[in-house]
Amino acid sequence: MDSAINPTSGITDAIPEANKPSAPAMPANTGNVTKRLQTELMTLMMSPSPGVSAFPNESNFLEWTGTIEGPEGTPYAGLSLKLSFSFPANYPYAPPTVLFKTPIYHPNIDFSGRICLDILKEKWSAIYNVQTVLLSLQSLLGEPNNASPLNGQAAELWDKDFEEFKRLVLARHRDLTDEELNGSA
């Protein structure tokens with residue numbers, strides 16, 4: 001008779017998961033992150049943007065390697081730059097950790113490869129994706145934010161001695177071997 005009054009009474013009793021305490025969100029989030037990253041990978045493959053690419057590492061889908069081809073008309077033209085992406089368990093609600101692996105001389109990138117870019121920090125939004133980040137970084141190569149540099153010398157040279165800046169870009173750049181890129185060297 002109770003079920004006639006409340007047709008949903010007893011339904012949750014029949015579902016074993018409904019009576020269990022909430023499990024830690026990590027496995028579900030990792031699954032959601034993986035699904036999101038699979039979608040992003042398909043977008044990168046099916047609708048590639050010129051000069052940027054990224055692929056997951058073979059051993060860990062939450063670790064990716066990105067490539068940016070230096071844009072024409074910048075000191076980086078003709079250079080290939082490798083980056084690492086490390087995705088947190090709460091991606092896309094938190095930004096990935098992105099580092100330049102290729103040695104680079106730039107006002108907004110330090111010698112450890114850390115990047116000063118607002119969309120990778122306080123301006124991050126879940127609508128951004130790997131392609132957005134790569135395109136923003138490609139744009140940053142030609143238009144640094146010298147108001148808040150990580151490398152003050154590079155910012156000063158960009159403004160005052162562009163030829164010396166270009167010389168230091170080429171002096172610092174070095175293509176990485178696969179072993180160096182994967183951290184084996």
Side-chain angles (χ1 to χ4, degrees), residues 33 37 40-45 47-88 91 94-124 128-185:
V33 171
L37 290 174
E40 290 191 32
L41 180 60
M42 288 303 295
T43 300
L44 282 165
M45 291 171 51
S47 303
S49 294
V52 299
S53 62
F55 296 95
N57 297 346
E58 289 180 22
S59 60
N60 184 348
F61 202 75
L62 299 180
E63 302 290 328
W64 287 33
T65 298
T67 304
I68 297 175
E69 299 302 326
E72 290 301 317
T74 73
Y76 308 93
L79 303 179
S80 181
L81 305 160
K82 299 289 186 185
L83 305 98
S84 66
F85 283 76
S86 181
F87 297 93
Y91 180 79
T97 299
V98 183
L99 297 171
F100 271 88
K101 301 309 266 182
T102 301
I104 184 170
Y105 188 78
H106 189 278
N108 304 116
I109 304 161
D110 71 13
F111 287 143
S112 297
R114 292 179 296 230
I115 304 161
C116 181
L117 182 64
D118 58 357
I119 69 162
L120 291 175
K121 309 258 186 278
E122 72 279 354
K123 299 279 186 182
W124 175 257
Y128 297 142
N129 57 35
V130 172
Q131 197 166 35
T132 305
V133 171
L134 288 168
L135 291 171
S136 294
L137 290 170
Q138 187 181 47
S139 176
L140 187 68
L141 293 177
E143 300 173 17
N145 177 2
N146 285 344
S148 62
L150 279 178
N151 181 336
Q153 178 196 35
E156 187 175 326
L157 286 175
W158 179 278
D159 290 333
K160 294 182 178 169
D161 190 349
F162 200 65
E163 288 306 312
E164 178 65 5
F165 179 88
K166 289 194 286 188
R167 188 189 72 72
L168 291 171
V169 165
L170 295 175
R172 176 118 175 97
H173 183 271
R174 180 174 55 81
D175 288 326
L176 300 176
T177 66
D178 289 340
E179 292 79 24
E180 288 174 311
L181 191 59
N182 297 323
S184 309

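This chain uses plain numbering: 1 for the first residue, then up along the sequence.
Closest non-hydrogen pair, Leu134 versus Ser53, comes out as CD1-O, 3.5 Å. Of all heavy-atom pairs between Ser47 and Gln131, the closest is O-NE2, 3.1 Å. Smallest separation of non-hydrogen atoms from Pro88 and Ala94: CG-O, 3.8 Å. Of all non-hydrogen atoms in Pro107 and Ala154, the two that sit nearest each other are N-CB, 3.6 Å. Residue Pro75 comes nearest to Val169 through the heavy atom pair O-CG1, 3.7 Å, listed as atom of the first residue, atom of the second, then distance. The nearest pair of heavy atoms linking Gln138 to Glu69 is NE2-O, 3.4 Å.
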Side chain to side chain contact (heavy atoms under 4.5 Å, CB included) between His106 and Leu140: does it pass, once the steps are laid out? CA-CA 9 Å; His106 189 278; Leu140 187 68; 3.8 Å; yes
Check the pair Ser80 / Thr67 against side chain to side chain contact (heavy atoms under 4.5 Å, CB included), numbers first and verdict last. CA-CA 7 Å; Ser80 181; Thr67 304; 3.5 Å; yes
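Side-chain atoms of Asn57 do not come within 3.5 Å of backbone N or O of Ser59 as any donor-acceptor pair. In this structure, the side chain of Glu40 engages the main chain of Val130 through a donor-acceptor pair within 3.5 Å. Panel note: side chain Ser139, backbone Leu135; no donor-acceptor pair is recorded below 3.5 Å. Under the 3.5 Å distance criterion, the side-chain polar atoms of Asn108 are matched with a main-chain donor or acceptor of Asn145.
No side-chain heavy atom of His173 sits less than 4.5 Å from a side-chain heavy atom of Tyr76. Trp124 has its side chain within reach of Val133: a pair of non-hydrogen atoms, C-beta onward, lies under 4.5 Å apart. By the 4.5 Å heavy-atom criterion applied to side chains, Leu79 and Leu170 are counted as neighbours. Using a 4.5 Å heavy-atom threshold, the side chains of Pro96 and Leu62 count as separate. Residues Trp64 and Leu44 have side chains in contact (heavy-atom distance under 4.5 Å, counting atoms from C-beta outward). Tyr91 places a side-chain heavy atom less than 4.5 Å from the side chain of Asn129. Counting heavy atoms from C-beta outward, Phe55 and Thr65 have side chains that stay 4.5 Å or more apart. In this structure, Leu37 and Pro56 have side chains that are not in contact, with every pair of non-hydrogen atoms separated by 4.5 Å or more.
The structure places CD1 of Ile109 at 10.0 Å from SG of Cys116, a figure rounded to the nearest 0.5 Å. Here OG1 of Thr97 is found 12.5 Å from CG of Leu83. Values are rounded to the nearest 0.5 Å. Here the straight-line distance linking atom CG of Leu81 with atom CG of Asp175 works out to 8.5 Å at 0.5 Å rounding. Between the CG atom in Leu168 and the CH2 atom in Trp158 there is a gap of 13.0 Å [rounded to 0.5 Å]. We find the CD1-CD1 distance between Ile68 and Ile104 to be 8.0 Å, quoted to the nearest 0.5 Å. Taken from CD1 in Ile115 to CG in Leu137, the straight-line distance is 5.0 Å, to the nearest 0.5 Å.
The environment of Glu122 atom CD is dense: over 12 non-hydrogen atoms of other residues, nucleotides or ligands sit within 6.0 angstrom.
For an aromatic pair to be called close, the ring centres must be under 6.0 Å apart, and Phe165 with Tyr105 satisfies this.
Every side-chain hydrogen bond (donor to acceptor under 3.5 Å, both in side chains) that Asp159 has, sequence neighbours left out, goes to Asn146.
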